[in-house]
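Worksheet: one structure, shown below.
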Amino acid sequence: MNMLCPHSSLLHTPQTHHIHLSPHATIDSATSVSSALLLPHSTIKSGCTVSHALLQWNATLTSQSDAHHVLLMEQSEVGPHSFTANAIYGPDSHVSGGEVHCTIFGP
């Protein structure tokens, strides 16, 4: 079951399962999103494949990135073209064009 709060948006994403979008959270043009909780103003977009994810305030997954079993704390960003699995991103952490596995990343 998917839960969308007022002012959230789910656009152009063919596969979604067990997602919860808080107010002003957005999923736009992702490939697939399953088992995800997006807090206010967080975003998944542009061809991402995501499973088992928690995105805190203003966190972003973008541009052909894959994320599995991840926590993105506030203001963190993954993408473009990144792969991450079993990772925790601290506040205001950024990764692009690489891989992050089994890591606590950031401040």
Using 0.5 Å steps for rounding, measure from the [atom1] atom of [X] to the [atom2] atom of [Y].
X	Y	atom1	atom2	value
Leu61	Asp66	CG	CG	9.5 Å
Leu21	Leu55	CG	CG	10.5 Å
Leu71	Ser76	CG	OG	7.5 Å

message: Please determine whether side-chain contact (heavy atoms from CB on, under 4.5 Å) holds for the pair Asp28 and His12, giving the CA-CA distance in whole Å, both sets of side-chain angles, and the decisive distance to 0.1 Å.
response: CA-CA 6 Å; Asp28 186 5; His12 314 292; 3.6 Å; yes

- line: In terms of heavy-atom contacts, Ile44 and Ala30 come closest through CG2-CB, 4.0 Å

field: Minimum heavy-atom distance between Cys48 and Lys45, given as atom pair plus value
entry: SG-O, 3.0 Å

query: So, does Ser42 use its side chain to make a donor-acceptor pair with the main chain of Pro40 at under 3.5 Å?
result: no

Pair up each side-chain donor or acceptor in residues 88-107 with any protein partner under 3.5 Å, not counting sequence neighbours, and list the distances.
residue: Tyr89; atom: OH; partner: Thr84; partner atom: OG1; Å: 2.7
residue: Asp92; atom: OD1; partner: His94; partner atom: NE2; Å: 3.3
residue: Ser93; atom: OG; partner: Gly90; partner atom: N; Å: 3.4
residue: Ser93; atom: OG; partner: Gly90; partner atom: O; Å: 2.8
residue: Ser93; atom: OG; partner: Phe105; partner atom: O; Å: 3.4
residue: Glu99; atom: OE1; partner: His101; partner atom: NE2; Å: 2.8
residue: Thr103; atom: OG1; partner: His101; partner atom: O; Å: 2.5

message: Among residues at least two apart in sequence or on other chains, which ones pass side chain to side chain contact (heavy atoms under 4.5 Å, CB included) with His81?
response: Gln64

query: For the hydrophobic clusters of this structure (ILVMFWY residues joined by side-chain heavy atoms under 4.5 Å, transitively), does one cluster hold both Met73 and Leu39?
result: yes

Any pair counted as side chain to side chain donor-acceptor pair (under 3.5 Å), so long as it reaches residues 54-63, sequence neighbours left out: none

Review item, side-chain donor-acceptor pairs of residues 2-9, under 3.5 Å, at least two apart:
residue: Asn2; atom: OD1; partner: His18; partner atom: N; Å: 3.0
residue: Asn2; atom: OD1; partner: Ile19; partner atom: N; Å: 3.1
residue: Asn2; atom: ND2; partner: Thr16; partner atom: OG1; Å: 3.1
residue: Ser8; atom: OG; partner: Cys5; partner atom: N; Å: 3.4
residue: Ser8; atom: OG; partner: Cys5; partner atom: O; Å: 2.6
residue: Ser9; atom: OG; partner: Thr26; partner atom: OG1; Å: 3.3

- request: For His68, enumerate each residue passing the side chain to side chain donor-acceptor pair (under 3.5 Å) test, keeping only those at least two apart in sequence or located in another chain.
  value: Ser51

message: Applying side chain to side chain donor-acceptor pair (under 3.5 Å), can you list everything that pairs with Ser82, at least two apart in sequence or on another chain?
response: none

query: Could you give all pairs that pass the ring-ring contact (aromatic ring centres under 6.0 Å, His included) test and reach residues 29-48, with sequence neighbours left out?
result: His24-His41

